[in-house]
2 protein chains.
Amino acid sequence: MSARQPSSRRPARRPAGRRDRYHHGDLRRALVDAALRLVRREGPRALTLRAAARLAGVSQAAPYRHFADKQALLAAVAEEGFRAMTGAMRRAMSEAGEPLSKFRALGLSYVEFARGHPAHFQVMFGPELADRTAYPSLAEAAAEAFNLLVAAIADCQKAGLAREGNPEELGVTAWSAVHGLSALIVNGQLGARHAPLDELGERVTRGLFLGLGPRPA
Amino acid sequence: MSARQPSSRRPARRPAGRRDRYHHGDLRRALVDAALRLVRREGPRALTLRAAARLAGVSQAAPYRHFADKQALLAAVAEEGFRAMTGAMRRAMSEAGEPLSKFRALGLSYVEFARGHPAHFQVMFGPELADRTAYPSLAEAAAEAFNLLVAAIADCQKAGLAREGNPEELGVTAWSAVHGLSALIVNGQLGARHAPLDELGERVTRGLFLGLGPRPA
DNA sequence: ACCTGAACACCGTTCAAGT
DNA sequence: ACCTGAACACCGTTCAAGT
């Protein structure tokens, strides 16, 4: 496979664009798409710069015109992941009614995203991407997801459906719980011992809400 | 530390052992130690089979006598990590008094372990290690840590300090919260926006305990 | 301005061969 | 039984050179 198409390119004027020639303005886009396909179909370890270049039909050196290094490509993939996850959370919330079910829908869709796109999730949060602070637009995409969560908590508070307190602080607790569950599932850390995975999201969000402390009768 | 002890074991006759010759009975041990040094000092990406072999002073092919492949070495490193973490949690608990402070000590020491050994934590939970179910002793070491947590919750329940319910189920919620916080910190996902990191452990364990729901007055 | 080809220094893994 | 040397098929990255 990877039949390396015949490369019939003529540079300047070019009327009817053949759709298998990709890279004019947008080799960058093509490389990100290739990387997404690799990661989805073969996992994070298959995401190499050379493989992405092959998939996009260019030489191994070509990506360096568009990405400083492999880290930069990983950052772009991670950023797409955060945008997709934020979108999924928004959609889930829009189908829910009052603030509390919106909040739960958000948490559940976080976990669902991780289960549905485990390799992508691993790129978003895994250690291959060493220094996230170096990629501002990635940080911004991640912050947007967190903002959504904080706003959902604040809405619950306004409706008297959540404990009072700084919503950013409560947000860190909520984020930790859904993220931890997602990460444990994606790593395969939650085995047969721990119930059907579908129920864990429901349970953890409920447990988070009730708290572990004794119910004051 | 771990000064590569002179290995004063003589298989048969062998008078003055040169201390840079290591490998008689325990190249396996030497390779795990080398891997731990690499991961601690240079991060998970530096953990290569060849580098571990170099550090142990053997050829690049030698590790294959003791590990089926790189995954197997990673599994050994991860297993050591779980044992070290379990030890740290036990120590922290033994210094606490009643069940509830024991439980909080356990949670805090989980987060502290992650912050203190980020690269090791990443090997324990990261995606380089693809299939954890293939390594039973690793799974057992991980289960031991989880058992400790479940027992701590059950003790709280007996003392009336935690909500009733299946302690394994509450345990998944608690584990998710401390694990999620640890993972977010280690990934650098919790930036300047989110308070001093030292306080986050306290906050999340407290938030977990109180719950996010409204306090029934 | 954007891409290729060839090269360098690494990897993981295998395999014949040494002792 | 355990290790070495050499090899193969990969990587990330650089750099001169092409158009």
Side-chain angles (χ1 to χ4, degrees), chain A residues 1-2 4-14 20-31 34-35 38-39 42-77 123 127-131 134, chain B residues 7 9-14 17-18 20-31 34-35 38-39 42-77 123 127-131 134:
Chain A
M1 63 296 296
S2 129
R4 186 174 280 184
Q5 67 273 56
S7 178
S8 56
R9 83 183 108 256
R10 274 115 330 118
R13 62 265 84 99
R14 198 52 243 301
D20 53 319
R21 309 290 353 295
Y22 210 158
H23 25 313
H24 328 91
D26 235 352
L27 215 206
R28 188 192 149 89
R29 184 67 248 166
L31 287 167
L38 285 168
V39 99
E42 317 189 40
R45 304 190 56 189
L47 172 35
T48 71
L49 226 32
R50 286 172 104 116
R54 273 192 302 268
L55 245 182
V58 293
S59 81
Q60 74 217 217
Y64 288 91
R65 282 299 117 196
H66 302 274
F67 295 98
D69 51 22
K70 189 186 177 184
Q71 292 284 307
L73 177 60
L74 285 171
V77 169
V123 172
E128 298 95 340
L129 188 47
D131 179 17
Chain B
S7 175
R9 79 190 106 245
R10 287 118 311 133
R13 63 272 86 95
R14 195 55 242 295
R18 307 255 285 21
D20 52 319
R21 311 294 347 293
Y22 206 163
H23 26 314
H24 323 95
D26 233 353
L27 214 206
R28 188 191 149 89
R29 183 67 248 165
L31 287 166
L38 286 168
V39 100
E42 317 189 39
R45 304 191 55 189
L47 174 33
T48 71
L49 226 31
R50 286 172 104 117
R54 273 193 301 269
L55 245 182
V58 293
S59 81
Q60 73 216 217
Y64 288 90
R65 283 300 115 195
H66 302 275
F67 296 98
D69 51 22
K70 188 187 177 183
Q71 293 284 307
L73 177 60
L74 284 172
V77 169
V123 172
E128 299 95 339
L129 189 46
D131 180 16

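In what follows, every chain begins at residue 1, and chains take the letters A, B, ... in the order their sequences are listed.
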Q) Taking the side chain as C-beta and beyond, is there a heavy-atom pair between Pro44(A) and Glu128(B) under 4.5 Å? A)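 No, every pair of side-chain atoms sits at 4.5 Å or beyond.
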
Q: Flag the pair Gln71(B) / Leu129(B) as yes when at least one side-chain heavy-atom distance between them is below 4.5 Å, and no otherwise.
A: yes

Tell me: [atom1] of [X] to [atom2] of [N], nearest whole Å?
| X | N | atom1 | atom2 | answer |
| --- | --- | --- | --- | --- |
| Leu73(B) | dT13(C) | CG | C1' | 14 Å |
| Gln60(A) | dT4(C) | CD | C1' | 9 Å |
| Leu31(B) | dG12(C) | CG | P | 12 Å |
| Phe67(A) | dT13(D) | CZ | C1' | 16 Å |
| Glu128(B) | dC11(C) | CD | P | 16 Å |
| Gln71(B) | dG12(C) | CD | P | 11 Å |

Q.
Please evaluate residues Leu55(B) and Leu31(B) with respect to the criterion side chain to side chain contact (heavy atoms under 4.5 Å, CB included), reporting the C-alpha separation (whole Å), side-chain torsions for both, the decisive distance (0.1 Å), and the verdict.
A. CA-CA 8 Å; Leu55(B) 245 182; Leu31(B) 287 166; over 6 Å; no

Q: List the atom of Ala53(B), the atom of Ser59(B), and the distance in Å for their closest heavy-atom pair.
A: CB-O, 3.5 Å

Q) Looking only at heavy atoms, which two atoms of Ala34(B) and Ala56(B) are closest? And how far apart? A) CB-N, 4.5 Å

Q: With rounding to the nearest 0.5 Å, note down the distance linking CG in Leu73(A) to NE2 in His66(A).
A: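 Rounded to the nearest 0.5 Å, the CG-NE2 separation comes out at 12.0 Å.
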
Q. What distance do Leu49(A) atom CG and Phe67(A) atom CZ have between them, rounded to the nearest 0.5 Å?
A. 8.5 Å

(Q) Could you walk me through whether Thr48(B) and Leu38(B) satisfy the side chain to side chain contact (heavy atoms under 4.5 Å, CB included) test, starting with their C-alpha distance in whole Å, then the side-chain angles of each, then the deciding distance to 0.1 Å, before giving a yes or no? (A) CA-CA 9 Å; Thr48(B) 71; Leu38(B) 286 168; 5.7 Å; no

State which of [options] makes the closest approach to the side chain of [X].
| X | options | value |
| --- | --- | --- |
| Arg54(A) | dC11(C), dC11(D), dA7(D) | dC11(D) |
| Lys70(B) | dG12(C), dA7(C), dT4(D) | dG12(C) |
| Tyr64(B) | dT4(D), dC3(C), dT13(C) | dT13(C) |

Q) Do any of residues 42-49 of chain B sit with a heavy atom less than 4.0 Å from DNA chain C, and if so which? A) Thr48(B), Leu49(B)

(Q) Using heavy-atom distances to pick each residue's nearest nucleotide on DNA chain C, tell me which of Ser59(A) and Asp69(B) is more 5'. (A) Ser59(A)

Q.
On DNA chain D, compare the nucleotides closest to Arg50(A) and Ala61(B); which residue's is nearer the 5' end?
A. Ala61(B)

Q) Looking only at side-chain N and O atoms, does Arg65(B) come under 4.0 Å of OP1 or OP2 in dT14(C)? A) no

Q | Dot-bracket encoding per residue of DNA chain D, Watson-Crick/G-U cut-off under 3.5 Å, | denoting interstrand | A | ||.|||||...|||||.||

